[in-house]
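Owing to the predicted nature of the structure, the values given are computational and were not obtained by experimental measurement. When a ligand or atom number is given, it counts from 1 through the structure's own listing order. Just the heavy atoms: all of them, side chains too, but no hydrogens, waters or symmetry mates, feed the values below. Numbering starts at 1 and runs along the sequence shown.
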Amino acid sequence: MLASKYVIPLFWLPLTAAQTTQVDLGWHAPKKTWINDLSQVLNGTGTHGFIFNSSVLPTGTPYGSYNWCNMPHVRAKEYPVASVEYKLEYVEVIHRHHKRTPYASNTFPKESYSWSCSDEGLFYYGEPLKSGGNTSAETYWSVFTSESNPFAPTGFNGTCQFPQITKEGLDDSWQHGKDLYQVYHDKLKFLPHELGSKLTFRVTNNVITSQVAGMLVSGMYDPSETVPLRIQPSSVDSLEPAYTCASSSSLYGSYGVGSSVSNWTAHLSAAAPLFQTLDAISGVDPTSKDWHKSFDHYFDNLSARQCHAKPLPCSIKDPKNCVSQTLADTVYRLGEYEYSFIYRDSPLALQASTASYGVWVAELAQNIRDNISRKSSVIYRHNVAHDGSVSRLLSILQVDVMVWVGMGSEVVFEIYSRKGHGDKKYVRILWGGQILESSNPSLGKVDMLDLDVLLAYFDGLVGKGASKVPGLCQTS
Ligand SMILES: *[C@@H]1O[C@H](CO)[C@@H](O)[C@H](O)[C@H]1NC(C)=O
Ligand SMILES: *[C@@H]1O[C@H](CO)[C@@H](O)[C@H](O)[C@H]1NC(C)=O
Ligand SMILES: *[C@@H]1O[C@H](CO)[C@@H](O)[C@H](O)[C@H]1NC(C)=O
Ligand SMILES: *[C@@H]1O[C@H](CO)[C@@H](O)[C@H](O)[C@H]1NC(C)=O
Ligand SMILES: *[C@@H]1O[C@H](CO)[C@@H](O)[C@H](O)[C@H]1NC(C)=O
Ligand SMILES: *[C@@H]1O[C@H](CO)[C@@H](O)[C@H](O)[C@H]1NC(C)=O
Ligand SMILES: *[C@@H]1O[C@H](CO)[C@@H](O)[C@H](O)[C@H]1NC(C)=O
């Protein structure tokens with residue numbers, strides 16, 4: 001059972017003088033599924049229908065199924081249209097970037113094949129914004145190594161940055177934009193015909209989110225004008241998140257990656273033979289803490305290949321010794337288990353995520369308030385982020401079944417008014433294109449929930465203007 005000091009009881013949170021809204025700010029365990037059942041994860045087989053090997057689902061697999069390479073998002077065909085008495089007022093989208101090469105830190109010391117990205121350019125330049133000024137040429141990065149550079153790059157040779165969004169990931173980003181436009185413009189007639197001040201796009205300080213945003217905006221509007229991407233200074237970026245939050249890091253570390261708590265280490269100890277097999281193939285030092293404190297590195301390493309239809313790796317020394325699909329599937333199951341453990345199963349997860357993602361949540365609450373109080377005319381905000389962003393958000397929302405949020409994983413907040421109900425507002429949250437279900441009873445199935453309840457939940461956890469977050473981030 002959870003320690004009582006972490007249980008925040010029900011309390012009444014006054015909203016306005018005239019109104020009080022009761023919300024439960026406590027942590028509630030997620031549903032029991034194979035993902036958080038260690039014996040099924042370790043001793044099971046396959047991936048329970050989860051896909052890891054293509055952006056396109058195998059024929060017969062319904063859209064909405066988990067696809068690590070290209071997670072489901074809002075799409076016209078599957079979109080749950082709200083009943084006619086509701087009018088859409090405001091939309092905020094956040095999603096993980098699309099598929100990419102692995103991070104350099106997740107590549108094996110030596111790779112048996114190279115990876116080419118010569119089918120795309122990473123455009124990077126500055127240009128004066130004042131019209132009539134000097135203009136920039138459309139210059140892009142072309143990755144190369146030289147014979148005279150005696151330092152071989154770690155991991156893959158080839159013409160990619162590790163990471164960069166791949167050509168296929170760029171196409172997935174474009175389609176994601178097109179799908180959203182078909183719902184919020186074509187179907188619901190909510191978005192304007194032209195880009196303008198009613199829409200904003202935001203990215204993090206990691207360039208891969210800008211690579212996605214450019215393609216996504218093109219998929220939506222194919223604009224001929226330049227488009228600003230909003231970005232915060234890297235030291236305080238709330239979207240990534242990158243602001244300093246010592247208590248959150250130490251809290252995650254106290255029960256998850258790096259901790260010696262037995263219910264965390266159980267899966268790592270049980271997986272010791274698995275690590276041995278993997279290390280023999282990858283050449284990773286068996287004493288490396290980094291590669292053995294979680295499955296993060298091996299998971300990214302194997303899934304990035306398979307998402308791009310590249311073969312599973314073989315040992316450089318012994319080319320017949322390769323990672324089997326069975327072994328890869330086990331790594332995938334373990335990765336799912338870890339994300340569920342870190343962001344949902346642990347009773348400390350809510351607190352750790354609230355501290356480290358509270359600022360973005362407070363910004364979201366403010367954005368919603370600015371629309372309904374008519375302070376801002378922005379009706380659609382779009383955020384391109386990372387798995388650490390979307391996972392923390394789902395942790396705060398207490399999603400009933402947590403997964404490792406794959407490429408393009410999306411959460412949408414939709415704010416509605418209702419005919420005959422005056423100024424009252426309602427909220428739907430879509431996760432993977434469908435209504436999100438929370439284990440927290442105040443949120444439940446977030447389908448036309450009284451907006452005051454969600455705002456009271458956010459305010460209660462993080463404070464208006466994230467006023468509680470600096471305190472939450474302080475280590476005691
Ligand atoms: C997996 O199976 C092995 C062998 O049957 C057993 O010893 C082990 O306890 C099982 N692991 C879990 C977590 O159930
Ligand atoms: C991808 O994986 C699925 C299920 O794991 C399998 O049915 C399918 O044949 C695989 N596709 C490719 C292209 O390997
Ligand atoms: C996998 O890890 C190895 C070992 O660090 C690295 O060389 C390789 O580039 C990685 N590959 C991927 C796809 O991450
Ligand atoms: C372009 O740059 C040059 C050199 O700084 C400057 O003299 C010139 O005014 C600029 N041109 C425009 C159109 O701003
Ligand atoms: C990668 O390049 C290094 C030299 O930089 C070379 O020694 C190595 O064999 C190359 N590996 C592959 C897989 O091409
Ligand atoms: C792990 O163990 C701790 C300490 O016994 C406990 O408080 C916590 O609930 C357990 N976490 C999970 C996810 O089982
Ligand atoms: C909030 O969004 C709705 C939906 O389009 C719009 O009608 C309303 O004008 C917006 N609020 C403000 C202050 O512009």
Side-chain angles (χ1 to χ4, degrees), residues 1-7 26-42 44-63 65-70 99 125-137 168 251-270 294 299 302-312 322-353 391 395 398-402 406-407 439:
M1 276 316 296
L2 63 151
S4 60
K5 67 173 168 164
Y6 296 119
V7 182
W27 167 86
H28 295 268
K31 264 193 200 149
K32 270 279 167 206
T33 67
W34 70 268
I35 297 166
N36 48 17
D37 178 341
L38 189 53
S39 85
Q40 290 194 59
V41 164
L42 278 170
T45 56
T47 55
H48 299 262
F50 284 26
I51 299 298
F52 292 90
N53 58 9
S54 168
S55 284
V56 182
L57 291 167
T59 33
T61 305
Y63 191 78
S65 305
Y66 181 102
N67 181 355
W68 168 261
C69 309
N70 190 13
K99 74 184 180 185
Y125 56 89
E127 184 175 87
L129 281 174
K130 218 171 102 199
S131 69
N134 288 318
T135 57
S136 173
E168 297 80 5
L251 198 53
Y252 283 127
S254 74
Y255 68 82
V257 181
S259 87
S260 50
V261 180
S262 63
N263 53 6
W264 166 258
T265 55
H267 77 290
L268 297 175
S269 322
S294 76
F299 185 106
L302 301 176
S303 64
R305 290 172 212 262
Q306 293 212 278
C307 282
H308 293 90
K310 293 189 182 294
L312 287 167
C322 303
V323 173
S324 65
Q325 190 62 57
T326 308
L327 182 51
D329 287 349
T330 306
V331 170
Y332 298 153
R333 290 196 305 276
L334 282 157
E336 298 294 333
Y337 171 86
E338 288 184 346
Y339 261 65
S340 182
F341 190 99
I342 295 165
Y343 291 104
R344 285 293 287 118
D345 293 280
S346 169
L348 300 180
L350 176 61
Q351 196 182 340
S353 301
S391 294
S395 175
Q398 305 195 42
V399 70
D400 62 344
V401 179
M402 184 66 193
M407 304 298 162
S439 304

Ignoring hydrogens, tell whether any protein atom lies closer than 4.0 Å to atom 2 (O) of ligand 4; use the non-hydrogen atoms only.
yes
Could you tell me whether Lys310 atom NZ has more than 12 heavy atoms of other residues or ligands within 6.0 Å of it?
yes
So which bit of Trp264 gets within less than 4.0 Å of ligand 6, heavy atoms only: side chain, backbone, both or neither?
neither
Atom 4 (C) of ligand 2 has as its nearest protein heavy atom Ile51 CD1, 4.2 Å
Go through the steps for Arg344 and Ser439 under the test side-chain contact (heavy atoms from CB on, under 4.5 Å), then give the verdict.
CA-CA 10 Å; Arg344 285 293 287 118; Ser439 304; 3.0 Å; yes
Taking distance alone, with N or O pairs closer than 3.5 Å, would you say Asp345 contacts ligand 6?
no
Looking only at protein heavy atoms, identify the closest one to atom 12 (C) of ligand 2 and say how far it is in Å.
Asn53 ND2, 3.3 Å
Can you pull out the closest protein heavy atom to atom 7 (O) of ligand 2? Residue, atom name and distance to 0.1 Å, please.
Pro58 CG, 4.9 Å
Here the atoms of ligand 4 under 4.0 Å from any heavy atom belonging to Gly132 are 13 (C)
Using only heavy-atom distances, determine whether the side chains of Ser340 and Asp345 contain a donor-acceptor pair under 3.5 Å.
yes
How are the rings of Phe50 and Trp34 set relative to one another: parallel (under 30°), tilted (30 to 60°) or perpendicular (over 60°)?
perpendicular
Would you kindly say whether Ser259 and Tyr252 are connected by a side-chain donor-acceptor distance under 3.5 Å?
no
Determine the minimum heavy-atom distance between Gln40 and Arg333, stating which atoms define it.
O-NE, 3.8 Å
Closest non-hydrogen protein atom to atom 10 (C) of ligand 4, residue and atom name please, with distance?
Asn134 ND2, 2.5 Å
Using the ring of each side chain (for Trp, its six-membered ring), is Trp68 parallel, tilted or perpendicular to Phe299, with breaks at 30° and 60°?
perpendicular
Ligand 6 to Asn263, heavy atom cutoff 4.0 Å, flagged ligand atoms 1 (C), 2 (O), 3 (C), 8 (C), 10 (C), 11 (N), 12 (C), 14 (O)
